[in-house]
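Throughout, numbering of the chain's residues begins at 1 and tracks the sequence. Note that this is a predicted model, so its numbers are computed, not measured.
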Amino acid sequence: MRANMSLDVTAIKRDFPILGQEVNGHRLVYLDNAASSQRPRVVIEALERYYERDHANVHRGIHELSTRATRAYEGAREASARFIGAADPSEVVFVRGTTEGINLVATAWGYENVREGDEILLTVLEHHSNIVPWQLLARRVGARLKYIDIDEQGRLRLEQLDELLTERTRLVGVTHVSNGIGTINPVEEIVAAAKRVGARVLVDGAQAAPHLPLDVEALGCDFYVFSGHKMCGPTGIGVLWGRRELLEEMAPYQGGGEMIEIVELERATYKRPPHKFEAGTPNIADAVGLAAAMDYLERIGRERIQAHERDLLAYALERTHEIPGFRAFGPERDHSGVLSFELGDLHPHDVGQILNDRGVAVRAGHHCNQPLMRRLGVTATTRASFYLYNGRDDVDALCEGLRDVIEFFS
Ligand code: PLP
């Protein structure tokens, strides 16, 4: 029997206290989830509980609270591994978020493995955080950056892989799901091609981990990164997953307490991964909050969340079809719940402003995707992005708001 795929959005919405408010005299319609999601009460309570009952520093102490905090922190690591299908929790490094995870790899792996004349292959869909760290590395070591282009629908042009991948390619960096236009990329295919030339693959999962079922072992990539705040978790916490053998051979990213074994005046030895990459007191409470968020999402089921977002996108495309001047970006198939669009020649900031007057929160701008915007021939788009607590009534509010925008400027 097929599991019931539909979500009880009304009940889910009640789990998120922030969504119960009015903004500018209207019901808050929160459609800025690609930038940051909201938190359910269980996550807020997990943070509160941790601070009220369990907090102490981890790993070093022998007293009860330190034991509890360590158990909670390492438990969050195990939960993170399960959440992404990783067999070994020691392959999970806690970082501040996707940005820090990519910088960690570009620095700790990159400086050891990328040399003058080597190549790093990215895509024009990348967020700045999967471009700039590689630019910094490439400039320092004299490597070259190359980019996979997109077709007219915004899908990666995979036929370019044969030409772009060479024996000099050391790393392929690709976003699992585009934050700019919602394209879901065929990561397995890209990994298979990269492996043929011996390149490592880093996948930016910031827009994927919160929204779809995930199995990093099946994807076959070498590194996978994502942020807690986009998946109902706290800000300031995220995950870098890396293959054990790569983490073992990588140099530390930062030095300090917690990451060492023995320190002498001139040298030090380091702990094994993941601790080698977690210098200083870690973000214990937010790791605990992240585990609560993962548990919440798992109980609902990411398959159902993905199906729900797909349904909302289809409904939104159907409804916006009738709006004069509305043009959506992104592919017809393999499109996440990110709806980026233009409304005639109106500036996205004006569109976003008027929607805000009606309580509808969307994002307007380049979405940290300046190369993609340039490729699309626009400076900015308006972006509505859906999550598990959005319903068709939210799409209706967006459409009504867009009609108001048109009327305001006509
Ligand atoms: N990569 C993608 C695809 C994103 O959407 C984002 C955030 O919008 C990031 C990376 C950066 O994430 P963070 O700011 O949480 O480090």
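No more than 12 heavy atoms of other residues, nucleotides or ligands sit less than 6.0 Å from atom CZ of Arg333. Counting non-hydrogen atoms of other residues, nucleotides and ligands closer than 6.0 Å to CD of Glu64 gives a total above 12. The environment of CZ in Arg403 is crowded: more than 12 heavy-atom neighbours from other residues, nucleotides or ligands sit within 6.0 Å. Other residues, nucleotides and ligands contribute only 12 or fewer heavy atoms inside 6.0 Å of the CD atom of Glu332. A 6.0 Å sphere centred on NE2 of His321 holds no more than 12 heavy atoms belonging to other residues, nucleotides or ligands. The neighbour count for Arg244 CZ, taken as heavy atoms of other residues, nucleotides or ligands under 6.0 Å away, is above 12. In the displayed structure, Gln21 atom CD is contacted under 6.0 Å by more than 12 heavy atoms of other residues, nucleotides or ligands.
Exactly one of Asn33, Asp15, Thr10 qualifies for a side chain to side chain donor-acceptor pair (under 3.5 Å) with Tyr389. That residue is Asn33. Here the rule is side chain to side chain donor-acceptor pair (under 3.5 Å) with Ser340, and of Thr381, Asn179, Thr382 only Thr381 fits it.
The nearest pair of heavy atoms linking Leu388 to Ile300 is CD1-CD1, 3.5 Å. Annotation for Ala292 and Val43: closest pair C-CG2, 4.0 Å, computed over non-hydrogen atoms. Across Ala143 and Arg115, no two heavy atoms sit closer than the pair CB-O, 4.0 Å. Taking every heavy atom of both residues into account, Glu126 and Asn369 meet most closely at O-ND2, 3.0 Å. Nearest heavy-atom pair across Val338 and Ala34 is CG2-CB, 4.2 Å. The two residues Cys221 and Val203 come nearest to each other via the heavy atoms CB-CG2, 3.6 Å.
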> Can Asp222 and Lys195 be said to form a salt bridge (charged side-chain N to carboxylate O under 4.0 Å, His left out), step by step?
Replying inline: CA-CA 10 Å; Asp222 298 291; Lys195 297 283 147 170; 2.8 Å; yes
>> One pair to check against side-chain hydrogen bond (donor to acceptor under 3.5 Å, both in side chains): Ser178 and Gln207. What are the steps and the verdict?
In response: CA-CA 7 Å; Ser178 158; Gln207 299 294 341; over 6 Å; no
> Please walk me through it: do Leu376 and Ile181 pass side chain to side chain contact (heavy atoms under 4.5 Å, CB included)?
Replying inline: CA-CA 10 Å; Leu376 296 171; Ile181 55 173; 3.9 Å; yes
>> I'd like to know whether Leu104 forms a side chain to side chain contact (heavy atoms under 4.5 Å, CB included) with Met250, so could you lay out the CA-CA distance, the side-chain angles of the two residues, the decisive distance to 0.1 Å, and finally the verdict.
In response: CA-CA 10 Å; Leu104 193 160; Met250 276 159 60; 3.8 Å; yes
> Could you go step by step and tell me if Arg299 and Asp295 meet the salt bridge (charged side-chain N to carboxylate O under 4.0 Å, His left out) rule?
Replying inline: CA-CA 6 Å; Arg299 273 187 284 122; Asp295 181 56; 3.3 Å; yes
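The aromatic rings of Phe226 and Phe83 sit tilted relative to each other, their planes meeting at an angle between 30° and 60°. Ring geometry, Tyr224 versus His176: the interplanar angle exceeds 60°, so the pair is classed perpendicular (tilted spans 30 to 60°). Classified by interplanar angle (parallel below 30°, tilted 30° to 60°, perpendicular above 60°), the ring pair His59/Tyr73 is perpendicular.
Looking only at distances, a side-chain donor or acceptor of Lys276 sits under 3.5 Å from a matching main-chain atom of Glu248. Here the side chain of Ser227 pairs no donor or acceptor atom with the backbone of Ala206 at under 3.5 angstrom.
Aromatic rings of Phe329 and Phe341 (six-membered ring for Trp) have centroids beyond the 6.0 Å cut-off, not under it. In summary, the aromatic rings of Tyr387 and Tyr30 are positioned with their centroids too far apart to meet the 6.0 Å limit. In summary, the aromatic rings of His367 and His127 are positioned with their centroids too far apart to meet the 6.0 Å limit. Centroid-to-centroid, the aromatic rings of Tyr296 and Phe16 come within less than 6.0 Å.
Sorted by first and then second residue, the salt bridge (charged side-chain N to carboxylate O under 4.0 Å, His left out) pairs involving residues 38-58 (not counting sequence neighbours) are Asp54-Arg68.
Every salt bridge (Lys or Arg N to Asp or Glu O under 4.0 Å) that Glu217 has, sequence neighbours left out, goes to Arg243.
A donor atom on one side chain and an acceptor atom on the other are not found under 3.5 Å apart for Ser336 and Glu309.
Looking at heavy atoms from C-beta onward, Ile260 lies out of side-chain contact with Lys271 at the 4.5 angstrom threshold.
One distance of note links CG of Asp8 with NE2 of His308; it measures 10.5 Å at 0.5 Å rounding.
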